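Everything below concerns the one structure shown next.
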2 protein chains.
Amino acid sequence: MGQNVVIVEDELLIRKQLETILRKLGYEVLCSFQNSDEFLDRLPDLKPDIILFDINIKGSQSGIQLAQIVRDQYRIPFVFITSYTDRDTINAAKVTMPNGYVIKPFDEKDIMMIMEIALYNAASFQEESILNKQRIEKKLNISLTEREYITLSDLSQGLANSQIAAKQYVSINTVKTHLRNLYAKVGVRDRVNLVKKVLQ
Amino acid sequence: MGQNVVIVEDELLIRKQLETILRKLGYEVLCSFQNSDEFLDRLPDLKPDIILFDINIKGSQSGIQLAQIVRDQYRIPFVFITSYTDRDTINAAKVTMPNGYVIKPFDEKDIMMIMEIALYNAASFQEESILNKQRIEKKLNISLTEREYITLSDLSQGLANSQIAAKQYVSINTVKTHLRNLYAKVGVRDRVNLVKKVLQ
DNA sequence: TTGAATTTCATCCGATTGGATGAAGTATCC
DNA sequence: GGATACTTCATCCAATCGGATGAAATTCAA
């Protein structure tokens, strides 16, 4: 039942402090990283339930950029680490990241509560808008390819074809093909009826 | 700057305790209710920034139902109040309510943090509350009409003209006119540059 | 290595988009 | 009453959208 955690934080002292607290709270710290590039390399292998990372992390990506990658490509909930006094950064994080949370000074109870909330949110978020592949396949009695599933997920979030294409780094034509195949598999004529069927 | 709060809690002792803590934290407690019906009657008049309510509130609606009404019809962020030991209720709340949070035993710091998080979330969900009319007028050194402000708010949430029109119950032409006037006032050519200027 | 499944992209077309222009109806204040 | 600002709507147009069709490139199991 212990959740797997990954930490991205360049200050050694804080990193060690976090590890200690998290282990004490029953979380399993899979790995700690000192910069964003290393983290992005290893992330596909590690499959953390939640990520804590410094919003001012060093590396080729800013903390916000990193958060967007984690959110959009990996869909792993995360928590920002930042100092209490760093109000500008906190505000930037708030605006940019609806699902990221800010930890203030380290207190076991705070950390646990914030992480619980992040995990709650992620769970209910996935419940609502991130579709479960197996469940859909079973419900509609079809089999989805990986790309079709992702395209369907993006579509059911209300994204336009061009937005889906940008998000997946493919051309708009590719998206249209996946949609066409989805229409055929599900037996609908257009995107609206597809989403209707998927969402019951 | 103090946020307006409404409390729905049937136990007098807890209610008073909450009021004291919240006032101490700088929140303004607009009103306290003992049951859900009374609360629903008065809610349209009061315009709280956030609502705290007991998940086991008495009345014709259950706490979860009440939360759904608050979320879907009034779009006001809220926080659940429940006892630490009430694990089943907490779990039910988690599943049902993506934006509701659970307060355990009362500790000033906990309450403040949870409420801040709830408000953050609400803010990033309903970006309207982030887009403050006066602030924009001052920043861009222009004066906005009511309709222009609402249109700008909707636009900055990424809505299409047709969606804005549907939301405001006007024709798409009306929306276009407001946008045209906004472009002229702000001195931009199109919607993208408008939003860029507004969001810095 | 052959073949099927998957992923990718181009082209065509009717419908819709955002934006430009013009203008009518409605308040509101001198 | 008239001037002013605000809100509403219609029409035109180039650009883009979603969808239909066809077809390469890639992956992968038989």
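Since the structure is predicted, the reported quantities are computational estimates derived from the model, not experimental observations.
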Measure the distance from CG on Leu144(A) to C1' on dT7(C) and round it to the nearest whole Å. 15 Å
Tell me the interatomic distance from Tyr183(A), atom OH, to dT21(D), atom P, rounded to whole angstroms. 13 Å
Figure out the CD/P separation between Glu146(B) and dA5(D), and round it to whole Å. 18 Å
More 5' along DNA chain D: Gln168(B) or Lys176(B), using each one's nearest nucleotide? Gln168(B)
Counting just side-chain N and O atoms, does Ser162(B) come under 4.0 Å of either OP1 or OP2 of dT17(C)? yes
What does Thr174(B) touch in the nucleic acid at a heavy-atom separation under 4.0 angstrom: a base, only the sugar-phosphate, or nothing? base
Identify which one of Lys133(A), Lys185(A), Arg180(A) satisfies the salt bridge (charged side-chain N to carboxylate O under 4.0 Å, His left out) criterion when paired with Glu148(A). Lys185(A)
Rounding to an integer number of Å, can you tell me how far Leu179(B) CG sits from dT7(D) C1'? 14 Å
Between dA5(D) (P) and Lys185(B) (NZ): distance, integer Å: 10 Å
Rounded to whole Å, CD1 of Ile172(B) lies from P of dA15(C) at a distance of 17 Å
Just compare dT7(D), dT6(C), dA10(D) and give me whichever is closest to any side-chain atom of Thr145(A). dT6(C)
Which one, dG19(C), dT8(C), dT7(D), comes nearest to the side chain of Arg147(B)? dT7(D)
Students often get this wrong, so: under 4.0 angstrom with heavy atoms, is Thr177(A) touching a base, only sugar-phosphate, or nothing? base
Taking 4.0 Å as the cut-off, does a side-chain nitrogen or oxygen of His178(A) come that near to OP1 or OP2 on dT6(C)? no
May I have the distance from Asn181(A) (atom CG) to dT8(C) (atom C1'), rounded to whole angstrom? 12 Å
Would you say dG18(C) has OP1 or OP2 under 4.0 Å from some side-chain N or O of Arg191(B)? yes
Do any side-chain nitrogens or oxygens of Asn173(B) fall under 4.0 Å of OP1 or OP2 in dA10(D)? yes
NA contact type, Arg180(A), heavy-atom cut-off 4.0 Å: base, sugar-phosphate, or nothing? base
Does a side-chain N or O of Asn161(B) approach OP1 or OP2 of dT17(C) to a distance below 4.0 Å, or not? no
So among Lys167(A), His178(A), Gln163(A), which one has a side-chain hydrogen bond (donor to acceptor under 3.5 Å, both in side chains) with Asp154(A)? Lys167(A)
Quick check: is Ile172(B) connected to Ile164(B) through a chain of hydrophobic side chains (ILVMFWY, heavy atoms under 4.5 Å apart)? no
Please answer whether the main-chain N or O of Ser32(A) pairs with a side-chain N or O of Glu9(A) as donor and acceptor at a distance below 3.5 Å. no
Nearest-Å distance, CG (Leu182(A)) to P (dA20(D))? 12 Å
Compare side-chain N and O positions of Arg189(B) against OP1 and OP2 of dG19(C) and report whether any pair is under 4.0 Å apart. no
Under 3.5 Å, is there a donor-acceptor pair between the side chain of Asp190(B) and the main chain of Asn193(B)? yes
